[in-house]
Each structure stands twice: as C-alpha cells, then as structure tokens.
Amino acid sequence: MKLPLSYYSNQDVLFLAQDLLGKVLFTNINGEITAGIIVETEAYFGIQDKASHAYGGRRTHRTETLYAHGGVSYVYLCYGIHHLFNVVTSVKDEPHAVLVRAIEPLIGKEIMEKRRQMPVSRTAISSGPGSLAKALGINQAFNKKDLIGNEIWIEDHGIAYNPDEIAAGPRIGVAYAEEDAHLPWRFFVKGNKYVSKPNKV
DNA sequence: GACACGATCGGCT
DNA sequence: GCCGATCGTGTCG
C-alpha cells in the first residue's frame, strides 16, 4: 500500500510526475488523518530546469532538501502566504522534484472542512498547491519529512490512468523560466473537477 | 543591512 | 479579470 523508498529513487521525474496521478497522499497530524487522490502534478527537472529552485546547481539552506535522496518532502513558503508541497525524487545530489497541485478529498473530509473553513462540496477546498497543502495541514514543519514515515506518506490504491486520460501542458506561474516556461511538464487527470487550471494545455 | 520578488489565492468589479 | 496580502529567500552592497 504505502509506496516504498525505491519508488522515489526512480531517476525519471517526468515518469514519476505522471505515475503519481491516482496515488493517495496522506497526512497524520496528532491522529487527525486526512488523504486525497493526486490529480494534478508538475515535474521540476533538477539543475537544468530554469523553473527549478535548484537551477544551475544552486544550493542554499532552503534548496538543500531538494538534493536529498528521493523520498522526502520539500515544503516552502510562496508569496508569504502559501505552503507548497513537493515530492523529492531520484538519487542524492540529483534535485528532481514533483509539485503536487491538486488532490481529490478521500479521507478525513470533516477535518479538511475545518482547516479550509468551507464545505468539501466546494472543489476549491483542495484545488491548487496552496489549497491542498492547507487542507492536509501541511506547513513548514513538513519540510524534509520522510515520505515513508507516519506523518506524511503516499499510498497506491490501485488507481491508474491510461495515457489518454492524462493531459500535459505548460507549468503554471513559471514565466520567469524563459524557454523552459513552455515545456509540457504539468500533468493532470482530464475532466477531474479538482484540477486547478483545466483549460490551460 | 536593504530590497525586490515569488512554482498563489480569494475577494471584488 | 484584476489586485492586494504577506514574508522568507537570495542577491547585492
């Protein structure tokens, strides 16, 4: 059920970004368990990707997490307000990562409603990277957490999509990445109502 | 030490 | 569709 460490060692981050669609992301905060099906991701291709925090081999206190062995979380604060959750992949010193952009609520829906102050019937509850992080209670304390531990982890529930059920398009909010801005490295489940920008392909 | 800006969201027009 | 919120980070001095 719980994805093993070996899953995250895969050096093909474009494959993993697509393979993570359908997997179930869990958090357990003081016994409050919440989980959702991953329906939208983006791949960040290490040191050669101008949109990545690790572009050019940049190595700072913040980005150090990206250089860890695959299988840990990379959480950072964006726009001073939102926490964004990434899955660090590949091997040590190869800073590939997958940003999770949307989930479909599955377990602990009442807890998510309390955290988001809105009914689970609203898709905005977990649509978009900042929103899903808040719904799952992910904050800075989750940075560099082991994804095979018991605070945050990902399970395989046997949900898988065929290639024709997945759409690929340019990543969101990376205009600064120049020629890398238009690479089709954002993946989402076609027709899923939790996808944050379903029209942009 | 100072400053410009972001892998966004939600409210208002 | 537009705009303000809000603060850690990185870069420069």
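The sequence lines fix the lettering, A, B, ..., with proteins before strands; numbering per chain opens at 1. Note that the structure is predicted; figures quoted are calculated from it, not measured.
- Within residues 109-136 of chain A, no residue has a heavy atom under 4.0 Å from DNA chain C.
- A ring-centre distance under 6.0 Å is not found for A:Y8 and A:H69.
- Of the possible polar contacts, none joining the A:D146 side chain to the A:V72 backbone as a donor-acceptor pair under 3.5 Å is found.
- Checking A:E42 against A:Y44 by side-chain atom types alone, a donor-acceptor pair falls below 3.5 Å.
- Taking the salt bridge (Lys or Arg N to Asp or Glu O under 4.0 Å) definition, one finds that A:E113 meets it with nothing, sequence neighbours left out.
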Side-chain donor-acceptor pairs of residues 147-154 of chain A under 3.5 Å, sequence neighbours excluded:
from, atom 1, to, atom 2, distance (Å)
A:E151, OE1, A:K145, NZ, 3.3
A:E151, OE2, A:K145, NZ, 3.1
A:W153, NE1, A:E155, OE2, 2.9

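- Minimum interatomic distance between A:G128 and A:A102 (heavy atoms only, all atoms of both residues): N-CB, 4.1 Å.
- In 5' to 3' order, the nucleotides of DNA chain B bounding all contacts with chain A (an atom under 4.0 Å from a heavy atom) are B:dG6 to B:dG10.
- Formation of a donor-acceptor pair under 3.5 Å by the A:E104 side chain with backbone atoms of A:V39 is not found in this model.
- Judged by distance alone, with hydrogens and angles left aside, the side-chain atoms of A:R58 form a donor-acceptor pair with the main-chain N or O of A:H53 at under 3.5 Å.
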Problem set entry | A:K114/A:E32 under salt bridge (Lys or Arg N to Asp or Glu O under 4.0 Å): CA gap, chis, key distance, verdict | CA-CA 12 Å; A:K114 187 181 62 182; A:E32 291 196 318; 3.1 Å; yes
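- Applying the side chain to side chain donor-acceptor pair (under 3.5 Å) definition to pairs two or more places apart or across chains, those involving residues 17-28 of chain A are A:Y7-A:D19, A:D19-A:K23, A:T27-A:T34.
- Think of the region where chain A sits on DNA chain C: with heavy atoms and a 4.0 Å cut, that region ends 5' and 3' at C:dA5 to C:dT11.
- The stretch residues 170-185 of chain A comes close to DNA chain B through A:I172, A:G173, A:V174, A:Y176, each having a heavy atom under 4.0 Å from the strand.
- Side-chain N or O atoms of A:N86 include none that pairs as donor or acceptor with a backbone N or O of A:V88 at under 3.5 Å.
- A:T60 and A:T63 share a side-chain donor-acceptor pair at under 3.5 Å.
- Residue A:Y74 holds its OH atom at 7.0 Å from OG1 of A:T65, rounded to the nearest 0.5 Å.
- Within the structure, ring pair (Phe, Tyr, Trp, His ring centres under 6.0 Å) pairs that include any residue of residues 92-132 of chain A comprise A:F45-A:H96 (at least two apart or interchain).
- Of the residues in residues 66-97 of chain A, those with a non-hydrogen atom less than 4.0 angstrom from any atom of DNA chain C are A:L77, A:Y79, A:G80, A:I81.
- Contacts of residues 190-200 of chain A with DNA chain C (heavy atom under 4.0 Å): none.
- Geometrically, A:R59 engages A:Y67 in a cation-pi contact defined by less than 6.0 Å to the ring centre and at most 45° from the axis.
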Distance-only donor-acceptor hits, side chain of residues 161-169 of chain A, under 3.5 Å, sequence neighbours excluded:
from, atom 1, to, atom 2, distance (Å)
A:N162, ND2, A:E165, OE1, 3.4
A:E165, OE1, A:N162, N, 2.7

For this session: Before giving the answer on side-chain contact (heavy atoms from CB on, under 4.5 Å), spell out for A:L77 and A:H83 the whole-Å C-alpha distance, their side-chain angles and the decisive distance to 0.1 Å.
Result: CA-CA 5 Å; A:L77 184 65; A:H83 297 283; 3.8 Å; yes
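- Using modelled atom types, no side-chain atom of A:R116 and backbone atom of A:I111 make a donor-acceptor pair closer than 3.5 Å.
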For this session: Quick one: the dot-bracket string of DNA chain B, using Watson-Crick and G-U wobble pairs with both distances under 3.5 Å, [ ] for crossing pairs and | for bases paired to another strand.
Result: ||||||.|||||.
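- A:R171 contributes a side-chain N or O that, together with a main-chain N or O of A:A43, makes up a donor-acceptor pair within less than 3.5 Å.
- A distance of 9.0 Å separates CD of A:Q11 from OG1 of A:T89, quoted to the nearest 0.5 Å.
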